[in-house]
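Here's the structure, in structure tokens; my notes come after.
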Amino acid sequence: MSEDRPKPALSGRVYGEIIYWGTVIGSIISIIGSMITFVTKRNYIDPGYLLSAIWQGKSVKEIWEGATGALPNGHWYLQHLFTGNGIAMAGLAFGVFVVVPAIFSAAIMLLREKQYVFSVLAFIAGIITTVSMFGWISI
Amino acid sequence: MRSLLKSVPELFVLIGLTVVAYIIMFLFNQLQGTDVLSPTGMWMVVVGSFLFSTFIAIIAVIAGIGGGVLFTPVMLAFTSIDTVLIRATGLVVAMFSGLISTGPFMRKGLADVKIVFFCAVPIVIGGMSGAFSAIHLSKAMGATGDAIVRLLLGGVLVFIAFMFIFGGSKTEYPQPKKIDSFSKKLGLYSAYWEESLQKVVSFQATKALLGFLLFFAVGFTGGFFGLGGGWAVVPVLNLVMAVPLKVSAACSGVLLAMGNAAAIWPYILYGSLIAVLAVPWMLGQVIGGIMGAYILVRIKAGFVRKILIVILFLTSAKLLSRGIEGLFGIDIPIF
């Protein structure tokens, strides 16, 4: 019976696999980062302060100003990759980032499958996500 | 359970790592207590978030909605956490179950990559236009206009829920009477192996142009009111474009993940996403998302329809109550 099962399009499988494994890797990085955050003192910001401030209902501005003196701007965690906070945040950001290579890979595969309209739509979606990632547009 | 372990060993690696990590975090907790939370209280916040997130993710993936629909009202109702932090973490909740379930859905052919990209662009562009319009029109419309539109939107959702009820099983595997030429030219057709029926289900989407315009409207409304698109993707795909219900739910999850991946970066760049709060929610979404994806493949489409009807009624109740609150200045104490 299994020979009757339709084979999903390669473009879809490529898209799905990149996102799936990227998310799994991002999650493992975040688990390690969370553990370091709790069991060591290697942190960019004191996690006890962070959790308490969040729980108290402090605003994002108040939390950051209380911890570092100013709001961050840009990919702050990349400069703190040897701290628990930095590793946990990098794992999360990596999980989000994998969407970009996945979309462009799917766009290329759709082009190879001669699905031109969908390839163009995928490229447009990829460009929008990339532009957002670099902070060139924000709402 | 054994078959799940055989087909997705990484799920058990993730569960094992998470459990070990939380045990180590409990035993060797180095955090300093504060007036607000003790070190054990901090650990409990993290573990509680993870468990609740796992539960939300399973439901969200099966119904094809973003987990934010459940996360945001609960967090707003029961905690004093800042709304920006809740919205930023809500995006993590909305997207990570969709991200992780993308793999199994694409592998099984339950989500169709052509449908996903066909819907993604109008939703993303509509969402951005809606958000920009909200900024510019808020002065002109004011709170009254906002309340009226919420009421209308709530009414539309009630209508959609009733369509799912009275459409019955016809909505599970819809058979369009006529396929328009634009949809035919686009080639929005596919087939997948339906585990619950043990047979191949083929489908051809119809009314693609109307669907495209509706997805723009869905994106616009979602961006304008900060609802996201999860509340309407499944109804448009299933009821308008005649895409089978389970394929609609799968495509919706994949789409939400993609759309939110663009929306979440500003929050990351400006520090509104704080790892110590967001990571347990992310892990719960990833683990619950894998479980939900494998459950969706195996369950009957009728079950998906029932979950969707309940969620549509709950969401519409929230919208209607907020609309009435805004119009008449009264407080309706529901979720």
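Throughout, protein chains are lettered first and strands after them, A, B, ... in sequence-line order, and every chain is numbered starting at 1. All figures in this text were calculated on a predicted structure; none of them were measured in a lab. These numbers come from the heavy atoms of this one structure, side chains and all, not from hydrogens, waters or symmetry mates.
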Does any backbone or side-chain atom of B:L37 lie under 4.5 Å from a heavy atom of chain A? Answer side chain, backbone, both or neither. both

Give the member of A:S59, A:A106, A:G91 that has the highest number of heavy-atom pairs under 4.5 Å with chain B. A:S59

Show, in sequence, the C-alpha distance, side-chain angles and deciding distance for A:F118 and B:L188, and conclude whether the side chain to side chain contact (heavy atoms under 4.5 Å, CB included) test is met. CA-CA 10 Å; A:F118 301 104; B:L188 277 175; 3.7 Å; yes

Side chain, backbone, both or neither: which part of A:K41 has a non-hydrogen atom closer than 4.5 Å to chain B? side chain

Can you pull the side-chain hydrogen bond (donor to acceptor under 3.5 Å, both in side chains) pairs that have at least one residue in residues 12-36 of chain B, sequence neighbours excluded? A:S52-B:T34

Cut-off 4.5 Å, heavy atoms of chain B, and the answer for A:V99 is side chain

Could you tell me which portion of B:V116 (side chain, backbone, both or neither) has an atom closer than 4.5 angstrom to a non-hydrogen atom of chain A? neither

Side chains of B:F105 and B:K246: closer than 4.5 Å at any heavy-atom pair? no

Test item: A:P6 and B:V200 side chains (from C-beta on) under 4.5 Å apart, heavy atoms: yes

Is the backbone N or O of B:S53 less than 3.5 Å from a side-chain atom of B:Q285, with the two atoms forming a donor-acceptor pair by type? yes

Side chain, backbone, both or neither: which part of A:L71 has a non-hydrogen atom closer than 4.5 Å to chain B? side chain

Exactly one of A:Y15, A:Y116, A:F123 should register a ring-ring contact (aromatic ring centres under 6.0 Å, His included) with B:F117. Which one does? A:Y15

Under 4.5 Å heavy-atom distance to chain A, tell me which part of B:V279 shows up: side chain, backbone, both or neither. both

For B:L17, which atoms come within 4.5 Å of any heavy atom of chain A: side chain, backbone, both, or neither? both

Interface residues of residues 76-85 of chain A facing chain B - non-hydrogen atoms under 4.5 Å apart: A:W76, A:Y77, A:N85

Heavy-atom contact with chain A under 4.5 Å, split by part of B:Y192: backbone

Greatest number of non-hydrogen atom pairs under 4.5 angstrom with chain B, of A:G57, A:G95, A:A107, falls to A:G57

When the 4.5 angstrom heavy-atom criterion is applied to B:M42 and chain A, the contacting part is both

Answer with side chain, backbone, both or neither: which region of A:T40 has an atom nearer than 4.5 Å to a non-hydrogen atom of chain B? backbone

Report the option among A:N43, A:T130, A:L50 that has the most heavy-atom pairs separated by less than 4.5 Å from atoms of chain B. A:L50

Toward chain B, the part of A:Q115 with a non-hydrogen atom under 4.5 Å: side chain

May I ask you to test the B:E10-A:Y20 pair for a side-chain heavy-atom distance under 4.5 Å? yes

For A:V117, which atoms come within 4.5 Å of any heavy atom of chain B: side chain, backbone, both, or neither? side chain

Part of A:W64 lying under 4.5 Å from any heavy atom of chain B: side chain

Out of B:V20, B:V84, B:V254, B:I24, which one racks up the most heavy-atom pairs below 4.5 Å with chain A? B:I24

Counting neighbours of CZ on B:F28 that are heavy atoms of other residues, nucleotides or ligands and sit closer than 6.0 Å, is the number greater than 12? no

Looking at A:I28, A:V100, A:V60, A:V98, which has the largest count of heavy-atom pairs under 4.5 Å with chain B? A:V60

Mind ranking A:E62, A:K61, A:R13, A:H75 by heavy-atom pairs under 4.5 Å with chain B and telling me who comes out on top? A:H75

Check whether any side-chain heavy atom of B:R107 sits under 4.5 Å from a side-chain heavy atom of A:E17, and report yes or no. yes

Given a strict heavy-atom distance threshold of 4.5 Å, which part of B:A278 is in contact with chain A: side chain, backbone, both, or neither? both

Check: B:A261 main-chain N/O paired with B:W265 side-chain donor or acceptor under 3.5 Å: yes

Hey, does A:M89 have a side-chain heavy atom less than 4.5 Å from the side chain of B:L273? yes

Any side-chain heavy atom of A:I54 sitting closer than 4.5 Å to one from B:D82? no

Using modelled atom types and a 3.5 Å cut-off, is there a donor and acceptor pairing between side-chain atoms of A:S27 and backbone atoms of A:T23? yes

Is a donor on one side and an acceptor on the other found under 3.5 Å between the side chain of B:S80 and the backbone of A:W55? yes

Residue part contacting chain B, namely of A:I18, when any heavy atom lies under 4.5 Å: neither

Heavy-atom distance under 4.5 Å between the side chains of A:T129 and B:V124, does that happen here? no

Side chain, backbone, both or neither: which part of B:L186 has a heavy atom under 4.5 Å from chain A? both

Between B:S183 (side chain) and B:A208 (backbone), is there a donor-acceptor pair under 3.5 Å? yes

B:I274, B:L277, B:V286, B:I287: which one forms the most heavy-atom pairs within less than 4.5 Å of chain A? B:I274

Within 45° cone and under 6.0 Å: B:K114 NZ/CZ vs B:Y189 ring: yes

What part of A:I32 gets within 4.5 angstrom of chain B, counting heavy atoms only: side chain, backbone, both, or neither? neither

At a 4.5 Å cut-off on heavy atoms, which part of A:A122 comes close to chain B: side chain, backbone, both, or neither? both

Does any non-hydrogen side-chain atom of B:I15 lie less than 4.5 Å from one of B:M291? yes

